[in-house]
Amino acid sequence: MYRTHTCGELNITHVDAKVKLSGWVQKSRDLGGMTFVDLRDRYGITQLVFNMETNAELCRSARKLGREYVISTEGVVAVRSNKNSKIATGEIEILVESFSILNSSEVPPFTIEKETDGGDELRMKYRYLDLRRVEVRKNLELRHRMAIEIRNYLSNENFLEVETPVLIKSTPEGARDFVVPSRMNAGQFYALPQSPQTFKQLLMVAGFDRYFQIVKCFRDEDLRADRQPEFTQIDCEMSFVDRDDVLDAFEGLANHLFKSIKGVEIKEKYPKMAYTEALRRFGNDKPDTRFGMELVDLKEIATGKGFNVFDSAAYVSGICVEGCAEYSRKQLDELTDFVKKPQMGAKGLVYVKYNEAGSFKSSVDKFYSFEELQKWADAMGARPGDLLLVLAGDTEITRKALSELRLEMGRRLKLMEQKTFKPLWVVDFPLLEWDEETARYHAMHHPFTSPYEEDLELFKSDPGKVRAIAYDLVINGVEIGGGSIRIHNEGLQQQMFDNLGFTREEAAKQFGFLMGAFRYGAPPHGGIAFGFDRWVALFAELDSIRDTIAFPKNNAGRDVMIDTPSTISQDQLDELHLTLKKPESKK
RNA sequence: GGUCUGGUAGUUCAGUUGGUUAGAAUGCCGGCCUGUCACGCCGGAGGUCGCGAGUUCGAGUCUCGUCCAGACCGCCA
């Protein structure tokens, strides 16, 4: 037997008990006459004591224990004379009577402590060591608890978890697929699912009524801090529902998680904000509503006064930053540089300081009188002491830049408290999006999304205006999930494919199975999918989803620990009927 | 595909205008130490300054290329 207890559970009530513990040597402190060893496992840290007076030989051998040695030890629980209130077992220690080294360890390349000295790259390469750290482990524990709560909640709501295949069919719509060559079918490929979308719809046709799955999905696109090539979705679908049925059901799930995991009760219904309204008020479709500082359109009042930058702009808007009229030249230059970064793309930044005395100091004093600037200030609800920041230019670019500027000011003024949660539904997304590259419309959400019936006639006149019965759950500026009411009618689905520029043959080849199913009594249905990794990151207060994943990929999609992607042998290639374009020299 | 930032001891970093023998902290090794828990004190080892070219009397420092890492834009239905 290796242990009677874990390293996290012994306390004052166990005094005098004879116990066995096993774990890793976190650290040893050799004081000469006695040696302390911190023994660590998943559950905590327990102090072992060795004393030269009691057992000199044992004490001397304990001095040789290196960091991360795995040992098993036997001894008696004793009250500490000097207690440590920082750890759960801090009131007791083990008077060791014997121990054995189960495995030695090389000196680890970084310290395995709460605050490690290791950088990201090293930690990823030795991820199995990094995972020993409490800071990383607690994220995975949180992830586990959330998964349990989700399963319990949805199961209680009659949702059935059903597994769908991972080897499926490639489709050109949407993200790039990861493909898997088929050995038994020369020249043919499976694709890994970007989501179980069509399968969950087929489950609705099959009458499962309420489905969910916590499921891996795959997209072969470039990575970001919040994007991994393989990621986990909470995928859900319901039958006989309209939009608000779905929103209510999953507001329930979200509220359950807030309460059971974060101890937060959100009493009010989540606001529903139209996509166009979100863009107008916040400049993006995932507004962070923890603070105001909304975008105010100044096109009407600020143009026609001879300031060509504004007069020639399609879009002129600003934000009012409370209490920042005192900003220095240097600070304003920083903000200007911020919006002029190539990724941001704004040409410049106009500022107006609304001084405490009621006067204005702006970068456009030449063009605007006091009265005119007063109009701006009034339009923006500014008060003396505030700073107005105004951008102008192309609508899309400028709106995005202003939205980023708003978030930057929110960060600077510390308006984005991580303990505060502001969820909302963004609804009424456009059904279609014009794609310059392919010069055609494509589905903004996916081609199975139902349009509003009253918008159907716009298909002919102005397809970009057709609204989808689609919705996103946004919490604190993070898109946590999204879904839609689906098309369940073959004719409409066919029309949708027509509008997306599919030929009948293409549509039949790629999605014939779905449209075929629609002929056999498909119920009205809709659903949603949540980014599980992102949700965990939000609750763990992490900026990156990487530390919510046990073994994540790096920026370039590599797993640096197992060193993959990697080449395969010629035999494997032959078996898969594959010929590489040119010999790969890289490993 | 693009923009930006970084790469110096095991690790995290500093390194001035281009100038003698490249530093600190921590970790590691050795010694001392009986109540530590970031133990303390003394001593020691440890460097292809990512790699390759170039400029220069002289390059960690400047230039170009390249590789790696990270953030972002494009992309992500």
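As the structure is a prediction and not an experimental result, all values here were calculated from the model. Chain letters run A, B, ... following the sequence lines, proteins first and then strands; every chain starts at 1.
- For A/Arg467 and A/Tyr452, the positive end sits near the middle of the six-membered ring, less than 6.0 Å away and at most 45° from its axis.
- As judged by a 4.0 angstrom heavy-atom cut-off over every strand, A/Lys341 is placed among residues making no nucleic acid contact.
- One can place NZ of A/Lys114 at 15 Å from C1' of B/C37, the figure rounded to the nearest angstrom.
- Of the nucleotides present, B/C64 is the one that pairs with B/G52 by Watson-Crick or G-U wobble criteria, both distances under 3.5 Å.
- Considering only heavy atoms from C-beta on, A/Phe199 comes within 4.5 Å of A/Ile168 through its side chain.
- Nucleic acid contact for A/Lys83: base, since at least one base atom lies under 4.0 Å from a heavy atom of the residue.
- No side-chain donor from either of A/Glu490 and A/Gln494 sits under 3.5 Å from a side-chain acceptor of the other.
- Counting to the nearest Å, the C1' atom of B/G35 and the CG atom of A/Asp38 are 13 Å from each other.
- The A/Arg227 side chain lies nearest to B/C76 when the options are B/G35, B/C76, B/A38.
- Spacing of P atoms, B/G70 relative to B/G27, comes out at 27 Å, to the nearest Å.
- Distances shorter than 4.0 Å separate some side-chain N or O of A/Arg29 from OP1 or OP2 on B/C39.
- Between A/Asp547 and A/Arg133, no side-chain nitrogen of the basic residue sits less than 4.0 Å from a carboxylate oxygen of the acidic one, so the salt-bridge criterion is not met.
- Between B/G18 and B/G58, the two C1' atoms lie 8 Å apart (nearest whole Å).
- Put simply, the side chain of A/Asn51 and the base of B/U34 share a donor and an acceptor less than 3.5 Å apart.
- The side chain of A/Met34 lies closest to B/G35, out of B/C28, B/G35, B/C72.
- For A/Gln194 and A/Pro109, each mapped to the nucleotide of RNA chain B holding its nearest heavy atom, the one lying further toward the 5' end belongs to A/Pro109.
- Of the candidate nucleotides B/A71, B/C76, B/C37, B/C76 has the atom nearest to the side chain of A/Ala175.
- No engagement by A/Glu115 is indicated, since no non-hydrogen atom pair under 4.0 Å with the nucleic acid exists.
- Atom C1' of nucleotide B/C37 and atom CD1 of A/Ile92 are separated by 13 Å, given to the nearest angstrom.
- Among the protein residues, A/Arg123 comes within range of no part of the nucleic acid, since none of its heavy atoms lies under 4.0 Å from any strand.
- Of the listed nucleotides (B/U34, B/C37, B/A69), B/A69 has the atom at the smallest distance from the side chain of A/Glu121.
- Within the 4.0 Å cut-off from OP1 or OP2 of B/U36, at least one side-chain nitrogen or oxygen of A/Asn82 is found.
- Residue A/Glu541 qualifies as enclosed at atom CD: its count of foreign heavy atoms under 6.0 Å is above 12.
- Note: A/Phe178 CZ to A/Asp220 CG = 4.0 Å, rounded to the nearest 0.5 Å.
- A/Arg504 has a carboxylate O that lies under 4.0 Å from a charged side-chain N of A/Asp498, or vice versa, which qualifies the two as a salt bridge.
- To the nearest 0.5 Å, the span separating CE on A/Met344 from NZ on A/Lys400 amounts to 7.0 Å.
- Contact check on A/Lys286 versus A/Glu479 returns no salt bridge, with no Lys/Arg side-chain nitrogen under 4.0 Å from an Asp/Glu carboxylate oxygen.
- Atom CG in A/Leu122 sits roughly 11 Å away from atom P in B/U8 (whole-Å rounding).
- Base-pair partner of B/U20: not found among the strands shown (Watson-Crick or G-U wobble, both distances under 3.5 Å).
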At a cut-off of 3.5 Å, list every protein nitrogen or oxygen paired with a nitrogen or oxygen from nucleotides 40-43 of chain B, distance to 0.1 Å.
none

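- Taking atom CZ of A/Arg67 as the reference point, atom P of B/U11 lies 13 Å away to the nearest angstrom.
- B/G10 and B/U63 have their C1' atoms separated by 33 Å, with the value rounded to a whole Å.
- Remark: B/A71 base-pairs with B/U3; criterion is Watson-Crick or G-U wobble with both hydrogen-bond distances under 3.5 Å.
- Separation of the C1' atoms belonging to B/U12 and B/G31 is 28 Å when rounded to the nearest angstrom.
- In a base pair of the Watson-Crick type (N1 to N3 plus N6-O4 or O6-N4) or a G-U wobble (N1-O2 and O6-N3), with each distance short of 3.5 Å, B/G35 is matched with no nucleotide.
- Nearest nucleotide to the side chain of A/Lys400, out of B/G74, B/G2, B/C76: B/G74.
- Rounded to an integer number of Å, the gap from CG of A/Asn554 to C1' of B/G70 is 9 Å.
- Atom C1' of B/A14 sits at a distance of 7 Å from the matching atom of B/A24, rounded to the whole Å.
- Taking atom P on both B/G43 and B/A53, the two are 42 Å apart, rounded to the nearest angstrom.
- Rounded to whole angstrom, the span from the CD atom of A/Glu113 across to the C1' atom of B/U11 amounts to 12 Å.
- The base of B/C37 sits within donor-acceptor range of the side chain of A/Arg80, with an N or O pair under 3.5 Å.
- Between the P atoms of B/G15 and B/U8, the separation comes to 14 Å (whole Å).
- For a distance-only test at 3.5 Å, the side chain of A/Glu93 qualifies as a donor-acceptor partner of the base of B/G35.
- When the nucleotides B/A69, B/G27, B/C76 are ranked by their closest atom to the side chain of A/Val560, B/A69 comes out on top.
- For the 3.5 Å distance criterion, the side chains of A/Ser195 and A/Gln233 fail to qualify, holding no donor opposite an acceptor.
- Using a 4.0 Å heavy-atom criterion, one finds that A/Ser195 contacts the bases of the nucleic acid, with or without backbone contacts as well.
- Base pairing of B/G10 is made with B/U26, judged by Watson-Crick or G-U wobble geometry with both donor-acceptor distances under 3.5 Å.
- Among B/U3, B/G74, B/C76, the nucleotide with an atom closest to any side-chain atom of A/Arg224 is B/G74.
- In this structure, A/Phe110 reaches neither bases nor backbone, as no heavy-atom distance under 4.0 Å exists between it and the strands shown.
- Here the P atom of nucleotide B/A71 and the CG atom of A/Asp120 are 8 Å apart, to the nearest Å.
- Comparing the same atom, C1', in B/C73 and in B/C37 gives a spacing of 48 Å after rounding to whole Å.
- Between A/Arg227 and A/Asp222 no salt bridge is recorded (no basic side-chain N to carboxylate O distance below 4.0 Å).
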